[in-house]
Amino acid sequence: MLERLLSGAHRLSTWLVWVAGALLIASALLVTVEVILRKFANISVGGADELSGYAFGIATALAMSYALFERAHIRVD
């Protein structure tokens, strides 16, 4: 029972880390589009930096469970 539950949680964390990666890529694309629009069209997408901060926080939270299952946390000796 516990083995099955852990297997499901590991599968869920794998999917969530992919969602976190997609969120970071979307955030980078949004900031890139905003910089290009500001430079050439003098238009600003309001709040792109704030949305990027939220995306980074969410991606970090989602990726921590994957790092726990993969034992990928940094150890300081």
Side-chain angles (χ1 to χ4, degrees):
M1 172 80 175
L2 183 60
E3 176 89 18
R4 195 169 161 203
L5 185 63
L6 284 174
S7 174
H10 186 266
R11 215 172 317 125
L12 178 63
S13 73
T14 302
W15 280 99
L16 290 177
V17 81
W18 279 98
V19 169
L23 201 59
L24 289 176
I25 289 172
S27 172
L29 289 174
L30 177 65
V31 169
T32 301
V33 167
E34 182 182 9
V35 168
I36 291 172
L37 283 176
R38 266 194 287 154
K39 177 70 177 175
F40 295 115
N42 219 7
I43 300 171
S44 178
V45 179
D49 57 337
E50 193 169 333
L51 289 174
S52 295
Y54 291 141
F56 182 70
I58 292 168
T60 301
L62 293 178
M64 282 184 183
S65 65
Y66 183 76
L68 178 67
F69 277 114
E70 296 297 319
R71 297 180 180 195
H73 289 289
I74 297 173
R75 245 177 51 177
V76 178
D77 291 331

Applying the 4.5 Å side-chain criterion to the ILVMFWY set and letting contacts propagate, would Leu16 and Leu6 be lumped into a single cluster? no
Cluster check Leu23, Val33: I/L/V/M/F/W/Y, side chain < 4.5 angstrom: no
According to ring pair (Phe, Tyr, Trp, His ring centres under 6.0 Å), who are the partners of Phe69, at least two apart in sequence or on a separate chain? His10
For the hydrophobic clusters of this structure (ILVMFWY residues joined by side-chain heavy atoms under 4.5 Å, transitively), does one cluster hold both Val31 and Leu37? no
Examine Val19 and Ile58 and state if one hydrophobic cluster contains both, with Ile, Leu, Val, Met, Phe, Trp and Tyr joined whenever side-chain heavy atoms are less than 4.5 Å apart. yes
Identify the two heavy atoms, one from Ala55 and one from Leu24, that lie closest to each other, and give their separation to 0.1 Å. O-CD2, 4.4 Å
Any chance you could measure Asp49, atom CG, to Tyr54, atom OH, to the nearest 0.5 Å? 10.0 Å
Do side-chain atoms of Ser52 reach the backbone of Ala48 as a donor and acceptor pair under 3.5 angstrom? yes
